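Here the structure comes first, spelled out in structure tokens, and everything after it is commentary.
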Amino acid sequence: MNKVVAGADEAVKDIPSGSTIMFGGFGLCGIPENCISAIVKKGINNLTCISNNAGVDDFGIGLMLQGKQVKKMISSYVGENAIFEQQLLSGELEVDLVPQGTLATRCMAAGYGMPAVWLLAGIGTEVAEGKEVRNFKGKNYLLEEAFDSDFAIVKAWKGDTQGNLIFKGTARNFSPLMAMAGKITIAEVEHLVPAGELDPNAIHVPGIYVKRIFQGVNYEKRIENRTTRKK
Amino acid sequence: MALTKEQIAKRIAQELQDGFYVNLGIGIPTLVANYIPEGVDVVLQSENGLLGMGPFPYEGEEDADMINAGKQTVTTLPGSAIFDSAMSFGMIRAGKVDLTVLGAMEVADNGDIANWKIPKKLVKGMGGAMDLVAAAKNIIVAMQHTNPKGESKLLPQCTLPLTGVGCIKKVVTDLGVFDITPDGFKCLEYAPGVTIDEIKAKTLGRLTIADNVKEIVV
């Protein structure tokens, strides 16, 4: 078994235009910077992206929007991005807004092999339009389907040559769920170590879910909203 | 005098009970964390996957991998826990979070809330608001009583697209504290210097005044 690839270019080389791709991260926290750059370089387009957010103008998925590579975004919140707004208003870009917990749970369902889940969020709102409703113990729930994604791309803190992943801090967010949900999952990691170095008890995503893994380089880890206090 | 944003937050902080797990939304709700009463131990939940959210880091100690749901750099505390987004909304859905405080554009007298979308304006998304209002067992709205045009935000029916239906239990505005009851808004407290007549004039939804209505102490 060899899951280790040389770098981002090799990891994304077979992703065709028109693919549906999940991107881990919350805002700019924990996004797969290396793979996003490689996809921008590769120039594929007509992509459907499942990601909680759409980056900022000059970082994250914003870089793919600049190159007009994205056809549709499936997200819970897409503020802080002027290019996104322009493309949405001009009709170049479609957006499907999904409640954040529903987004997470539809990823989770895919990774656990469940076709759909019953969720409360959005009952009585426009999110419920066209969805099947069922009553359980006096409450109405919406049928929400698992995402069907060709690729999932995540960034982890540590990973080993078996594809096992460990995330750090709140950079975990959607990433383990997406890593488990993609048909082909690509993980870029800050520290790639030989199998045996990670504590099996501490693994967040077992390697069975990960197809390709590589040691990432030059992480910028941009902070979107730097808040501090004085000593 | 109507309450300031800080005073609204301070009044809501009086609702916190020892041992509560609390999710605070963006805006006035965030300020509630500054006024947690002495001796009351609460754990703050941030829906991006953190329980036990600590204060902002000291300058120079910011960690790009430690943010809250507002994407602000934060810290952990002794006893904090970190988890993925599905578990985060799982604990909200399962009723483990005792109190959610969030802002709103409109609240109706049956507990409906609208806070995510204004027609013809660019829509940024609902984030976690729909999940929180649908599932949280106790929700307090923190907001101004009127919009910038001076129009009531406490309405018979929401005019904006809904975030959730029949889910709000209590509203704290710059003018007063209101429970949502089968008879509509029930004014429990009024801000110092604000008259009941002013509250009646600025509340379009059904309104009753509690027999023991009193002045807010903050």
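Residue numbers start from 1 in every chain, and the chains themselves are labelled A, B, ... in the order their sequence lines are given, proteins ahead of strands. Model, not experiment: these values are computed from the prediction.
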Query raised in the report: Which word best sums up how the rings of A:Phe26 and A:Phe174 line up, parallel for under 30°, tilted for 30 to 60°, or perpendicular for over 60°?
Result: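 Aromatic pair A:Phe26/A:Phe174 classed parallel.
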
Heavy-atom cut-off 4.5 Å, strictly under: side chain, backbone, both or neither for [X] against chain B?
X: A:Leu177; value: side chain
X: A:Arg229; value: both
X: A:Glu220; value: neither
X: A:Val95; value: neither
X: A:Leu103; value: neither

Query raised in the report: Could A:Lys155 and A:Tyr219 be counted as a cation-pi pair, given that NZ or CZ must be under 6.0 Å from the ring centre and within 45° of the axis?
Result: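 Output yes; distance and angle both within limits.
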
Query raised in the report: Is A:Arg106 close enough and on-axis enough to A:Phe147, meaning under 6.0 Å and within 45°, for cation-pi?
Result: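 Verdict for A:Phe147: a cation-pi partner in A:Arg106.
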
**Report entry** Electrostatic pair A:Lys231-B:Glu61, nearest N-O below 4.0 angstrom
**Finding:**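 Counted as a salt bridge, because a side-chain N and a carboxylate O are separated by less than 4.0 Å.
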
Query raised in the report: Are any non-hydrogen side-chain atoms of B:Phe56 and B:Val74 less than 4.5 angstrom apart?
Result: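 They are in side-chain contact.
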
Query raised in the report: Picking from A:Met108, A:Arg222, A:Lys230, which has the most non-hydrogen pairs under 4.5 angstrom with chain B?
Result: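 The option with the most such pairs is A:Lys230.
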
Query raised in the report: Which bit of B:Asp112 comes within less than 4.5 Å of chain A, counting heavy atoms only: side chain, backbone, both or neither?
Result: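 When you check distances to chain A, no heavy atom of B:Asp112 falls under 4.5 Å.
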
Query - Aromatic ring proximity, centroids under 6.0 angstrom, A:His204 and A:Tyr209 - result: no

